[in-house]
Amino acid sequence: MADKPASKPDHFIQQIIRKDLQAGRADNIVTRFPPEPNGYLHIGHAKSICLNFGMAEEFGGDCHLRFDDTNPEKESEEYVNAIKEDVSWLGFQWAGNVRYTSDYFEQLHAWAVHLIEAGKAYVCELSAEQAREHRGTLTEPGKNSPYRERSVEENLDLFARMRAGEFADGACVLRAKIDMAAPNINLRDPIIYRIRKARHHQTGDTWCIYPSYDFAHGQSDAIEGISHSICTLEFEDHRPLYDWFIENLPVPAKPRQYEFARLNLNYTVTSKRKLKQLVDEAYVDGWNDPRMPTISGLRRRGFTASAIRQFCDMIGVTRSDSVVDMGMLEYAIRDDLDKNAPRAMCVLRPLKVVLTNYPQEQVEEMRAPGHPNREEFTERVLPFTRELYIDVEDFREEANKKYKRLVIGKRVRLRNAYVIEADEAIKNELGEIVEVRARVIENTVGNDPEDGIKPKGVIHWVSAVHNLDCEVRLYDRLFEHEAPDAGGRNFLEHINPNSLEILSNCKAEISLAAASSEQRFQFEREGYFCLDSKHASPTRWVFNRTIGLRDSWAKMDQG
RNA sequence: UGGGGCGUAGCCAAGCGGUAAGGCAGCGGGUUUUGAUCCCGUCAUGCGUAGGUUCGAAUCCUACCGCCCCAGCCA
């Protein structure tokens with residue numbers, strides 16, 4: 001009774017929607033995720049996707065996917081396709097067809113004409129530079145454009161000729177006639193149409209004038225019957241303009257805009273411009289490089305959609321600027337993979353162990369569970385032979401009692417197999433350990449040693465004759481600085497030169513030969529890994545480390 | 001120095017006049033054939049600061065301080 005599981009409290013958007021429903025201000029909740037197809041989606045977009053689709057789902061409404069494609073020069077079909085794939089992969093389904101702001105260009109144009117006819121818009125021939133001078137500053141009001149008082153007829157004619165392609169890019173624009181002295185700069189006669197003689201990925205050469213974001217967004221929301229238009233905080237200043245258009249146009253609905261704080265994650269950048277730069281200048285291997293905070297990068301890295309959704313749920317939705325610790329994202333993926341990833345053993349840095357008392361030709365088939373507490377996972381078979389590999393890190397000639405691995409004269413458990421005891425380290429001429437001689441303690445598979453001397457710890461291993469050669473890629477954060485783009489510094493200066501380490505001589509248990517693309521595993525005692533979708537082939541195994549296991553030993557060993 | 005926002009623990013975040021939820025990280029302990037997982041415990045006499053109103057203030061009022069956004073024919 002007293003400790004009934006507390007349900008998560010509503011965030012402010014949920015509170016608004018609940019009130020709107022109760023007050024009858026809305027009966028059908030419709031949201032939209034409105035990306036511009038000018039780059040790939042990243043973890044910050046995941047927050048918006050989860051919010052928009054989540055609200056529709058929670059309140060029995062719909063969420064649309066609408067490409068905000070009003071700037072053909074920066075957009076492309078490649079991005080459209082990648083975005084659709086990422087949204088689907090995250091587990092969301094948009095209502096109806098994919099929509100495009102460009103679907104509404106004809107209607108938007110008609111509304112622009114409507115504003116002209118109402119004396120609320122005019123064609124302005126000020127150059128970009130002159131327009132800037134007329135705009136005023138943050139503290140000084142702007143000056144009216146000399147073209148502001150043109151007749152309706154002249155404006156109609158000019159706008160028609162803009163559409164007809166009679167003017168060069170930049171020769172003139174259509175502006176809303178609002179107030180050049182408004183303290184909110186967005187209201188100082190904002191541009192609503194500009195000339196762009198560029199081929200559009202959806203409409204081809206149909207148009208040479210394109211509506212601005214401010215003119216297109218709210219009206220598109222109205223056309224689609226969006227009830228709650230959710231965007232990020234930097235658009236808050238645009239809300240008066242959003243409302244102005246809705247009030248001054250014969251739109252079929254009156255959507256409302258609400259703003260929330262965008263996601264910031266430490267040790268990374270979430271800016272499409274910067275991510276594009278990393279790709280274009282080859283700091284990474286494409287938008288889906290496993291170090292990228294893009295949805296496709298995280299996917300290739302081994303993240304699951306449900307971990308990303310859980311993360312978005314953990315961080316909440318508020319209006320305060322915040323920087324979420326990367327540790328939260330790491331927690332979300334470890335939590336998912338711990339419960340759901342099958343276990344396997346893989347030796348990353350092999351060191352040969354010869355079991356001197358084990359018969360040369362003998363092969364025993366050890367059995368290992370696919371998961372420590374999920375019996376439905378299929379059991380693995382691990383061939384055990386006289387020669388094995390263990391990890392270099394798991395052997396020391398001598399060590400203090402805190403080191404719970406193999407030490408000369410001490411015992412250790414080989415996971416799912418025998419307890420062994422080390423006798424001798426064989427070194428090369430450089431003094432490097434190249435082999436360890438050890439002995440199997442009899443009758444210790446599933447049992448403690450009969451002499452009562454228990455092993456210090458458990459280490460993983462793989463047969464030196466029955467194993468899978470593979471490559472493992474270890475990733476570290478892409479940036480060394482927790483706020484790479486802070487302080488006016490160039491974020492590229494903070495790139496971590498050691499963000500990728502390729503281990504090419506790894507030895508995995510043979511069951512891993514059947515791994516499929518992006519399939520995820522826990523390599524016991526190491527971390528979570530997945531088969532790389534780009535570099536792996538039927539004859540080549542490349543595993544990406546998604547994230548290591550929590551490692552309290554690493555901390556102890558330092559200090 | 002105009003306008004719009006935001007300040008609750010190292011981080012995220014509840015709180016909506018009745019005496020500071022929860023999560024991440026950390027720390028201590030228990031279980032463990034993964035130094036993982038799991039379990040238990042611990043972690044704000046304090047809510048940007050200073051006043052005020054009130055029996056009672058993180059919540060209301062006033063002033064101040066700090067941070068973010070806006071002067072694209074980008075979104």
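Quick note: numbers below take in every heavy atom, side chains included, and nothing from hydrogens, waters or symmetry partners. Throughout, protein chains are lettered first and strands after them, A, B, ... in sequence-line order, and every chain is numbered starting at 1.
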Would you list the protein and nucleotides 28-32 of chain B atom pairs, both N or O, that sit under 3.5 Å from each other?
none

Closer than 3.5 angstrom, by distance alone: can the side chain of A:R188 be matched with the main-chain N or O of A:A182 as a donor-acceptor pair?
yes

Report, as a single string ordered 5' to 3', how protein heavy atoms within less than 4.0 Å touch nucleotides 12-18 of chain B: B base, S sugar-phosphate only, - not at all.
SSSSB--

For A:R135, answer base if it contacts any base atom (sugar-phosphate contacts may also be present), sugar-phosphate if it contacts only those atoms, and nothing otherwise; contact means non-hydrogen atoms under 4.0 Å.
sugar-phosphate

Quick one: label A:G527 by what it contacts on the DNA or RNA (base, sugar-phosphate, nothing), any heavy atom closer than 4.0 Å.
nothing

Indicate, with a heavy-atom threshold strictly under 4.0 Å, whether A:L126 touches base, sugar-phosphate, or nothing.
base

Need one value for A:R405: base, sugar-phosphate or nothing, where a base atom within 4.0 Å counts as base even if backbone is also close, heavy atoms only.
base

Nearest-nucleotide pick for A:K555, side chain only, options being B:U37, B:G26, B:A75
B:G26

Classify A:S127 by what it touches in the nucleic acid, base, sugar-phosphate, or nothing, heavy-atom distance under 4.0 Å.
base

Run the salt bridge (charged side-chain N to carboxylate O under 4.0 Å, His left out) test against A:E364 and tell me which residues pass, sequence neighbours left out.
none

With sequence neighbours left out, the residues meeting ring pair (Phe, Tyr, Trp, His ring centres under 6.0 Å) with A:H45 are A:H42

In whole Å, what is the span from the CZ atom of A:R525 to the C1' atom of B:G35?
8 Å

Touch check for A:F260, heavy atoms < 4.0 angstrom, all strands: base, sugar-phosphate only, or nothing?
nothing

So A:H217 and A:F235, do their side chains get closer than 4.5 Å, heavy atoms only?
no

Using whole Å, what does the distance between atom P of nucleotide B:U34 and atom CD1 of A:I390 come to?
17 Å

Rounded to whole angstroms, how far apart are CD on A:Q522 and C1' on B:U33?
14 Å

List in chain and number order the residues that pass ring pair (Phe, Tyr, Trp, His ring centres under 6.0 Å) with A:F245, two or more places apart in sequence or in another chain; answer none if no residue qualifies.
A:F215

Any pair with a residue in residues 208-219 of chain A that passes salt bridge (charged side-chain N to carboxylate O under 4.0 Å, His left out), sequence neighbours left out, goes on the list, sorted by first then second residue, please.
none

Run the ring pair (Phe, Tyr, Trp, His ring centres under 6.0 Å) test against A:H64 and tell me which residues pass, sequence neighbours left out.
none

Work out how far the P atom of B:C64 is from that of B:C73, and round it to whole angstrom.
35 Å

Restricting to salt bridge (charged side-chain N to carboxylate O under 4.0 Å, His left out), what partner residues turn up for A:R66, sequence neighbours left out?
A:D221, A:E224

A:N416 near the nucleic acid: base, sugar-phosphate alone, or nothing, with a heavy-atom cut-off under 4.0 Å?
base

What's the verdict on ring-ring contact (aromatic ring centres under 6.0 Å, His included) for A:Y267 and A:F479, showing C-alpha distance, side-chain angles and the deciding distance?
CA-CA 5 Å; A:Y267 294 102; A:F479 295 96; 9.4 Å; no

Just checking A:P372: base, sugar-phosphate only, or nothing, at a heavy-atom cut-off of under 4.0 Å?
base

When rounded to the nearest Å, what value does the distance between P atoms of B:A9 and B:G5 take?
23 Å

Classify A:H238 by what it touches in the nucleic acid, base, sugar-phosphate, or nothing, heavy-atom distance under 4.0 Å.
base

Please list, chain by chain and in numerical order, all residues satisfying side-chain hydrogen bond (donor to acceptor under 3.5 Å, both in side chains) with A:Q257, sequence neighbours excluded.
A:E259

Taking the nucleotide of RNA chain B with the closest heavy atom to each, which residue, A:E75 or A:R343, is nearer the 5' end?
A:R343

Quick check on B:G4: syn or anti? Syn means the glycosidic torsion is within 90 degrees of zero.
anti

For atom CG of A:N186 and atom P of B:G5, their distance in whole Å
13 Å

Residue closer to the 5' end of RNA chain B, A:F235 versus A:D551 (nearest nucleotide):
A:D551

Is_stacked (A:Y213, B:A75) at 5.5 Å, 30 deg:
no

Give A:G170 one of three labels, base, sugar-phosphate or nothing, depending on what nucleic acid heavy atoms sit under 4.0 Å from its own.
base

